[in-house]
Protein chains: 2
Amino acid sequence: MADHLKSGLERPQRRRRKMQSITMTDVAEHAKVSPSTVSLYLRRPEAVSASAGSAIAHAIDKLNYVPNLMAGGLAAASSRAVSIIVPSVRNAFFAETVSSMQTALRRERLQVILGHTEYDEREEEDLVRTALSWSPAAIVLTGLAHSDATRRMLSHSPVPVIEIWELGGPQIETAVGFHHAEVGAASARHLIQQGRQHLLYLGARMHEDQRARQRCDGFLAAAGEAGVSVDVMQHPAPASADVGAMLLSEAMQTRPLTDGVACSNDHIALGALFECERLGIAVPDRLAVMGFGDLSFSGACNPSLTTIRPSGDLIGKEAARLIIDHMAGREPPAQSVIDTRFTLLHRRSS
Amino acid sequence: MADHLKSGLERPQRRRRKMQSITMTDVAEHAKVSPSTVSLYLRRPEAVSASAGSAIAHAIDKLNYVPNLMAGGLAAASSRAVSIIVPSVRNAFFAETVSSMQTALRRERLQVILGHTEYDEREEEDLVRTALSWSPAAIVLTGLAHSDATRRMLSHSPVPVIEIWELGGPQIETAVGFHHAEVGAASARHLIQQGRQHLLYLGARMHEDQRARQRCDGFLAAAGEAGVSVDVMQHPAPASADVGAMLLSEAMQTRPLTDGVACSNDHIALGALFECERLGIAVPDRLAVMGFGDLSFSGACNPSLTTIRPSGDLIGKEAARLIIDHMAGREPPAQSVIDTRFTLLHRRSS
DNA sequence: GCGGCAAATCATAGCGCTACGATTTATAAA
DNA sequence: TTTATAAATCGTAGCGCTATGATTTGCCGC
């Protein structure tokens, strides 16, 4: 056993593996400084003298140096990546938030690593596990509902966690979003204020989308408090105009007195408007319709759709700000909450 | 100078930096094998014996080991990340492709790193530079138009490149998509077949979106060949129903003979339909309208919208397949092209 | 029991970079 | 000048993992 080779000149010709063409050492040689200085320049340019700085900048430029972020991340035990985990980017809400975060993070040279849960907690858990293996600068999760394992992993890790798009439940660290129950309540109050007495909530995918469910619950509660008749109809499929049309058509048969509907989503509301048109139901005279989301078509349709605009952009921007602040050492108070609010847009459909 | 410390027992008490709680070495100790075997098990489970495998699996489970992907990536000079660069995920087309890629890649434990160019070649160049510094398993770009620097960087790197959503131009390596000019031509032919003689193309953001421009060019060419009158109207803003309504309203004033319009996008077409309704223009009797995209509302609106469905999902799926095949050593032929085609959906608006 | 071979396992040498502490150089005070 | 102090720069030791080639083990026929 124990037969180490003597460490003399005899070298077991173990050839080096594939290498990156240009490394920091090359830049350092070219700029006639040490690698440490190059590294320092890259991380904190102001800590390096102007002359060394420009020599390094030239060398980088000339050699077309691309730093190896994995080596850097390994050495620093943290990377310039932010993991964003959302149910799906097919959903315009989350696409908006992801997009605005990406824009804000890019300015700080932070990368976005994206994951989709498809509303599955198990999937989320797996995504979080993988995310952690990148030692990201932060992890962004959608909503406040997570599996126990997910919570455990995150609270045992040093990675900052931000939960977005939902407030009002137990949070891991920081949360940025708004209260969905309040959205529902605001919808109910608006319809009642318009003189509606027989309310109906049309929802899609509420078994999975717990925020849609919260909006529904808020709607029911506010309507109940006001002593107005109220009911719910739902469909398990993801929100779409087809589902909205289907639900409305069925609603008008089974609940003919209905004079005000709120939808879990503008897609549903749009479908409802289309169906009203086909059925000859006057909106808003006979039936008031409102949605949630203020999607791209909501202001343009006939009649224009009363809806509630969540600040998806703002959520992304604020989440990004928190991450950037954290990296700069400006910690927010623990368990802090940023309420981005929402806006009711009263248009022609109510 | 040159005063190295003797390498005796005297140790400058340089304490180790922050460390990851559980490393592969811990797992190896627990499973009573060497770290190499653990690494091998993680990468090629079939290469270790069943007994060692299960011991390792137990240890991983018990210790709750999370591998450090950056260390792995550094050592292997390639990571399990795929960089996807699209104009924006706010655009439903790209959101769909990103989403379907992410789903397919996840099964192979590949991460998606997302970047948005906002239709800016300079931004794209920057994103590609950053992407390369992660040594990704592949880089996915949107379209075939890139800056020279981008092309140079990519062709000098060993990272496979896939261009999506566009065919028909000079490509870097592999391309997955369809011919946009053919989409335009198909639209024109369809309208002509429906007896329309005064065609109009409504486009948004065509100065930036070169694929929208190609569709427009294809439309003009096919209409011209058929000897039919044809014109174009455009707006620089991103596609939306508002823009569509605005363009249609203007069109009917300045080009009152128009009896068939094709839009660069279903959002535009939807806005056009809304405006027709407001103006009392009968669709399709007086005016045929068609779009592009088959977005979620397109089948549900009044009248339902004739449109062309690009296979955004399929593009993502095929691109993911190429990446996975590449990693498994199954190379596609160089400069290969996957044409995902498109489908014309003839509905009520034409 | 012994070679002969394949299967399984291991030890080692980095991958390219950053953090740390030490060293050198510039600047101010004595 | 000398000394104290700050600013700039540097040398070194890993970060946790994988690729490589070497070694060990298991299994066969003889």
Side-chain angles (χ1 to χ4, degrees), chain A residues 1-5 7 11-29 31-53 55-56 65-80 132-135, chain B residues 1-5 7 11-29 31-53 55-56 65-80 132-135:
Chain A
M1 301 233 175
D3 45 357
H4 290 102
L5 295 175
S7 60
R11 314 217 42 257
Q13 73 294 14
R14 180 83 82 71
R15 89 284 80 198
R16 53 176 60 27
R17 276 166 274 158
K18 65 284 297 271
M19 73 257 126
Q20 162 169 330
S21 37
I22 305 290
T23 73
M24 188 176 275
T25 308
D26 298 320
V27 174
E29 274 171 16
K32 301 201 197 319
V33 295
S34 78
S36 308
T37 307
V38 177
S39 171
L40 188 59
Y41 170 77
L42 254 22
R43 283 172 296 118
R44 296 195 284 117
E46 77 285 0
V48 168
S49 70
S51 62
I56 293 170
Y65 168 65
V66 177
N68 183 326
L69 290 183
M70 294 198 293
L74 175 59
S78 121
S79 71
R80 299 195 74 81
L132 285 174
S133 59
W134 284 101
S135 315
Chain B
M1 302 232 174
D3 46 356
H4 289 103
L5 296 174
S7 60
R11 312 218 42 256
Q13 73 296 15
R14 178 85 81 73
R15 89 284 87 210
R16 49 174 60 29
R17 278 167 272 158
K18 63 282 299 270
M19 72 258 125
Q20 163 171 330
S21 37
I22 306 291
T23 72
M24 189 177 276
T25 309
D26 298 319
V27 174
E29 275 170 16
K32 302 198 197 317
V33 295
S34 77
S36 306
T37 307
V38 177
S39 171
L40 188 59
Y41 170 76
L42 254 22
R43 284 171 295 119
R44 297 195 284 117
E46 78 285 359
V48 305
S49 68
S51 62
I56 293 169
Y65 168 66
V66 177
N68 184 325
L69 291 183
M70 293 198 293
L74 176 59
S78 121
S79 71
R80 298 195 75 80
L132 284 174
S133 59
W134 284 101
S135 315

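Predicted model only: the values in this text are computed from it and were never measured. Just so we're on the same page: letters track the sequence lines, and every chain starts at 1.
Ser36(B) has no side-chain polar atom (N or O) that falls below the 4.0 Å cut-off from OP1 or OP2 of dA11(C). At least one side-chain nitrogen or oxygen of Thr37(A) sits closer than 4.0 Å to the OP1 or OP2 atom of dC10(D).
Regarding Glu29(A), its CD atom lies at a distance of 14 Å from the P atom of dG16(C), rounded to whole Å. The distance between atom CD of Glu46(B) and atom P of dA8(C), rounded to the nearest whole Å, is 10 Å. Atoms CZ (Arg44(B)) and C1' (dA8(C)) sit 12 Å apart, rounded to a whole Å. Between Asn68(A) atom CG and dG14(C) atom C1' the separation is 14 Å, expressed in whole Å. In this structure, Tyr41(A) places its OH atom 18 Å from C1' of dA7(D), rounding to the nearest Å. Note: CE (Met24(A)) to P (dC10(D)) measures 13 Å, nearest angstrom. Atom CZ of Arg43(A) and atom P of dC17(C) are 12 Å apart (whole Å). Following rounding to the nearest Å, Met70(B) (CE) and dC17(C) (C1') show an atom-to-atom distance of 11 Å.
Among the nucleotides dT18(D), dC17(C), dT9(D), the one closest to any side-chain atom of Thr23(A) is dC17(C). Side-chain proximity of Leu74(A) to the nucleotides dC15(D), dT9(D), dC17(C) is greatest for dC15(D). In this structure, the nucleotide among dG16(D), dC17(C), dT9(C) sitting nearest to the side chain of Ala52(B) is dT9(C).
Within the 4.5 Å cutoff, no side-chain heavy atoms of Leu74(B) are placed close to those of Met70(B).
In terms of heavy-atom proximity, Ser135(B) sits nearest to Ala77(B) at CB-O, 4.1 Å. Closest of all the heavy-atom pairs between Ser34(A) and Ala28(A) is C-CB, 3.7 Å. Between Pro67(A) and Ser133(B), the closest heavy-atom pair is O-CB, 2.7 Å.
Rounded to the nearest 0.5 Å, atoms CD1 (Ile22(B)) and CG (Asn68(B)) are 13.0 Å apart.
Between Pro35(B) and Leu42(A), the residue anchored nearer the 5' end of DNA chain C, judged by the nucleotide with its closest heavy atom, is Pro35(B).
For the helix from dG1(C)-dC30(D) to dA30(C)-dT1(D), the rotation axes defined at the first and last 5 base pairs enclose an angle of 30°, given to the nearest 10°.
Judged by distance alone with a 3.5 Å cut-off, no donor-acceptor contact links the side chain of Ser49(A) to the base of dA8(D). Side chain Ser34(A) to base dG11(D): no donor-acceptor pair is found below 3.5 Å.
By the side chain to side chain contact (heavy atoms under 4.5 Å, CB included) test, Ile56(A) pairs with Val27(A), Ala31(A), Val33(A), Thr37(A), Val38(A), Tyr41(A), Ile60(A), sequence neighbours left out.
Without hydrogens or angle criteria, Ser79(A) side chain to Trp134(A) main chain gives a donor-acceptor distance under 3.5 Å.
Note on Leu69(B): nothing from the nucleic acid sits closer than 4.0 angstrom, heavy atoms only.
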